[in-house]
Amino acid sequence: MYINDNLPLDKLDKSALIARVIIFVIFILLFFAFWNIQILKHEHYDKLAMGNITDSLDIKAPRGVLFDKNGVIIAENKINFILLLNRKKTKDIEKTLEKISKLTGKSIILLKKILKKFNRVPKIRSIPLLKDLSFNNVVYIKSRPFEFQEFDIEVEPDRKYPLNRTASHIIGYMTEISEKELKGKSNNIYKLGDTIGQSGIEKQYEKFFRGKKGKRDVLKNNLGVIKTILHEQEPKIGNQVFLTIDIKLQKEIEELLVKKRLKGAIGVVDLKTGGILALISNPGFNPHDFWNQNDSIDRRFVSDLFLAIASQPYYETKLLQVFAILAVTKRIEINHKDNYSLHNKFIQGRYSPGSTFKIVMALAALEENIITKDTMINCNGVTNIYNRPWHCWREYGHGYVNLTKAIKDSCNIYFYNLGKKLNIDVIARYADLLGLGKRTNIDIPNEISGLVPTKSFKFRDNRKWYPGDTISISIGGGMLEVTPVQALLMISTVALRGQRPQLHLLDRIENDGVIIKKTEPKFTKIPIKKESFDLLIEGLFKVVNEEGTAKRAKIKGFDICGKTGTQQIISKENPRYKELVKIRKFMPHAWFVSFAPKENPRYASVIFIENGGGAGTIAAPFAKEIYKRLFEK
């Protein structure tokens with residue numbers, strides 16, 4: 001480049017002047033622009049800038065503590081280390097995930113699945129990649145800040161169950177809230193990464209447990225790193241929940257079941273209040289297992305699946321069970337190896353009640369004037385009704401029996417004859433009064449109804465009700481299905497001579513020592529005469545105390561009253577019956593419903609042992625052990 005020496009000087013001066021003017025004007029404009037931004041509109045742009053780099057973060061609230069009736073802690077809180085991923089500081093997500101996978105042992109597939117859940121969350125916000133990080137991993141990460149610069153460690157409250165598997169079906173379990181659940185919430189209480197009760201008391205009283213989140217307003221740089229805490233509002237812990245459960249009794253019963261290698265369901269109730277003292281479904285599970293992010297989704301799937309199975313009519317169950325086995329095999333092993341431990345048999349197990357249903361038959365026959373206390377029927381081991389033989393469990397029969405003796409010895413022939421004289425709809429009405437076939441509304445989620453069939457039940461499927469169907473029902477067989485909690489409600493109502501209690505687990509909820517919710521005892525009088533109950537109870541007393549079918553439950557001076565029920569899995573008419581019945585899975589279910597003492601009863605219980613064998617040899621002695629512990633207190 002060069003200057004033309006031939007250009008006149010006056011033209012050079014003019015060009016220079018123009019250039020100076022342009023530069024001056026630009027300078028003036030820039031000056032006023034900076035003046036406008038820095039001085040005149042300083043506050044406006046300062047607010048805009050602050051809006052880009054400030055963030056409001058939730059501080060999770062500790063859940064309320066769960067206690068038994070005596071103040072023993074059942075569920076509490078502990079410190080949980082959360083691994084947060086800052087995506088703005090992440091240069092290569094694949095390498096980042098591979099790095100943390102090697103450290104923690106979590107699969108990259110799992111980490112990507114977790115990452116995907118937070119796709120819609122702004123990148124300036126760190127996301128919880130892993131929870132319940134081990135202390136060793138925390139130390140390793142914090143001691144290598146340059147290697148793990150895209151990660152932060154946060155401490156938040158976590159659930160702790162000090163008794164592990166004890167009372168698992170009462171407590172329930174928690175998992176991270178799913179996107180589907182989040183969409184179903186109409187408020188802003190929950191966000192992705194939060195945990196929520198999925199079953200048991202944790203779910204039933206979730207709104208009381210969860211507390212109130214705190215807030216932390218922070219100042220971040222453009223990489224999302226927190227520089228300053230501007231303001232902080234402390235979270236509020238959830239309410240204290242007290243149950244009616246006696247955890248010492250609960251634990252002793254569970255240990256007894258495990259010691260005897262028995263599966264089933266057991267319930268004990270305080271008849272003064274309707275409060276449940278013990279609720280067992282064995283096998284159980286460890287609620288801690290559900291904090292494992294690797295399988296929490298799968299475990300929830302299994303729980304929902306079993307609830308779907310349990311709620312189906314009996315004739316549809318088999319197909320769903322096949323589906324369940326296939327699904328569970330592909331998903332996880334927890335229910336396979338633990339014999340479906342997520343399934344709460346106490347409120348979700350539907351079984352034929354066996355001879356315990358003779359309680360309903362006796363009251364129906366008395367109230368409908370079909371029999372009196374003196375009505376005698378001869379049992380010689382078999383009777384012919386509707387052109388087919390119906391057998392008693394004792395081959396040579398019981399001879400002439402009245403109602404109390406028929407109950408004491410559980411004579412089938414006596415009750416077959418009552419079934420012949422009673423209409424099925426009448427039987428169903430009395431079963432309903434005693435709480436069978438329908439939900440008891442106990443305060444624990446996912447309870448299912450049973451099935452007490454009527455004529456209309458079969459009519460809706462274009463099927464006819466045959467008189468022989470009623471004969472099967474009369475001894476607790478056929479299409480009858482009840483849950484153990486319904487059986488407990490039935491015997492409790494009998495013990496209280498027609499005062500049907502509302503069974504419940506909650507005693508009270510407190511906030512800073514102030515009771516904000518209290519369960520008051522509630523009883524409903526049913527239209528059955530006291531005289532009918534008194535006669536029935538005479539029979540139930542003889543069952544235990546006068547060499548009846550539950551004589552092994554007898555404790556001198558305790559006046560236990562009850563009824564056994566042995567429900568066959570395979571028919572005695574099967575040519576291989578004697579061979580197959582020795583195999584555990586073909587052994588009959590054993591029932592024993594009872595209360596004590598006879599007058600002014602204090603406790604009632606239901607014992608259900610899956611494939612336990614004879615009720616008098618398995619269930620009745622088990623009840624004896626429970627009553628010993630109850631009256632020792």
Side-chain angles (χ1 to χ4, degrees), residues 262-265 314-315 317-318 321 339 345 349-361 379 381-386 388-398 406-419 427 431 436-437 450-453 466 468-484 486-487 490 543 548-550 552 562-593 606-623:
L262 298 173
K263 298 183 299 178
Y314 76 102
Y315 50 84
T317 300
K318 294 297 180 185
Q321 284 176 338
N339 297 309
K345 297 180 176 72
R350 305 205 315 185
Y351 312 93
S352 294
S355 291
T356 63
F357 193 74
K358 291 172 182 176
I359 290 173
V360 176
M361 295 298 296
C379 169
V382 65
T383 187
N384 193 288
I385 301 176
Y386 304 128
R388 61 153 287 186
W390 298 83
H391 296 271
C392 190
W393 66 269
R394 180 180 286 177
E395 291 184 14
Y396 54 85
H398 295 94
I407 292 171
K408 170 198 158 190
D409 295 329
S410 199
C411 175
N412 289 347
I413 302 300
Y414 189 94
F415 289 95
Y416 288 146
N417 279 275
L418 298 190
I427 295 172
L436 300 184
L451 175 62
V452 179
Y466 293 98
D469 293 333
T470 309
I471 304 303
S472 296
I473 295 291
S474 68
I475 61 164
M479 290 179 285
L480 268 176
E481 288 184 336
V482 303
T483 60
Q486 291 168 14
M490 173 185 71
V543 169
T549 56
R552 296 190 184 186
K563 183 72 191 77
T564 54
T566 303
Q567 185 58 38
Q568 299 296 331
I569 303 300
I570 56 174
S571 171
K572 289 185 176 181
E573 296 176 3
N574 188 312
R576 297 180 59 203
Y577 173 78
K578 291 185 178 180
E579 171 194 348
L580 294 174
V581 79
K582 295 177 183 178
I583 303 172
R584 172 67 75 176
K585 66 179 180 180
F586 294 120
M587 292 173 70
H589 297 324
W591 287 94
F592 185 54
V593 294
V606 58
I607 312 293
F608 173 77
I609 307 297
E610 267 187 353
N611 307 116
T617 57
I618 297 295
F622 204 104

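The two atoms that bring Cys392 and His398 nearest to each other are SG-CE1, 3.3 Å, heavy atoms only. Thr356 and Lys563 get closest at one heavy-atom pair: CG2-O, 3.7 Å. In plain terms, the two heavy atoms of Ile473 and Pro453 that are nearest each other are CD1-CG, 3.8 Å. When all heavy atoms of Val606 and Ala487 are compared, the closest pair comes out as CG2-CB, 4.0 Å. Residues Asn611 and Lys585 approach most closely at ND2-O, 3.3 Å, considering heavy atoms. Taking both residues in full, the closest heavy atoms of Gly565 and Ala615 are given as O-CB, 3.4 Å, listed atom of the first, atom of the second, then distance.
Atom CG of Leu262 is separated from atom CD1 of Ile609 by 5.0 Å, given to the nearest 0.5 angstrom. Taking NZ of Lys345 as the start and OG1 of Thr483 as the end, the distance is 13.5 Å to the nearest 0.5 Å. For the atom pair CD (Gln568) and NE2 (His589), the distance works out to 10.5 Å, reported to the nearest 0.5 Å. Rounded to the nearest 0.5 Å, atoms NZ (Lys263) and CZ (Phe608) are 10.0 Å apart. Interatomic distance, Glu610 CD to Ile569 CD1, rounded to the nearest 0.5 Å: 8.5 Å.
The side chain to side chain donor-acceptor pair (under 3.5 Å) check on Thr564 picks up Thr549, with sequence neighbours excluded. Among residues two or more places apart in sequence or in another chain, the side chain to side chain donor-acceptor pair (under 3.5 Å) test is passed with Lys408 by none. Every residue two or more places apart in sequence or in another chain that forms a side chain to side chain donor-acceptor pair (under 3.5 Å) with Arg576 is listed here: Glu579.
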For Ser355 and Asn412, run side chain to side chain contact (heavy atoms under 4.5 Å, CB included): C-alpha distance rounded to whole Å, both residues' side-chain angles, the deciding distance at 0.1 Å, then the answer. CA-CA 8 Å; Ser355 291; Asn412 289 347; 4.3 Å; yes
Given the rule in the side chain to side chain contact (heavy atoms under 4.5 Å, CB included) test, do Ser474 and Tyr414 qualify, once you have shown the distances and angles that lead to the verdict? CA-CA 10 Å; Ser474 68; Tyr414 189 94; over 6 Å; no
Residue pair Phe357, Ile427: steps toward the side chain to side chain contact (heavy atoms under 4.5 Å, CB included) verdict: CA-CA 10 Å; Phe357 193 74; Ile427 295 172; 3.7 Å; yes
Residue pair Ile475, Trp393: steps toward the side chain to side chain contact (heavy atoms under 4.5 Å, CB included) verdict: CA-CA 11 Å; Ile475 61 164; Trp393 66 269; over 6 Å; no
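Considering only heavy atoms from C-beta on, Ile407 stays 4.5 Å or farther from Lys358 through its side chain.
Trp591 pairs in a side chain to side chain contact (heavy atoms under 4.5 Å, CB included) with only one of the listed residues (Thr566, Ile607, Val482), which is Val482.
Judged by distance alone, the side chain of Trp390 and the main-chain N or O of Ile385 form a donor-acceptor pair under 3.5 Å. Remark: the backbone N or O of Pro484 is not paired with any side-chain donor or acceptor of Tyr351 at under 3.5 angstrom. Not a single donor-acceptor pair under 3.5 Å links the side chain of Glu481 to the backbone N or O of Leu451.
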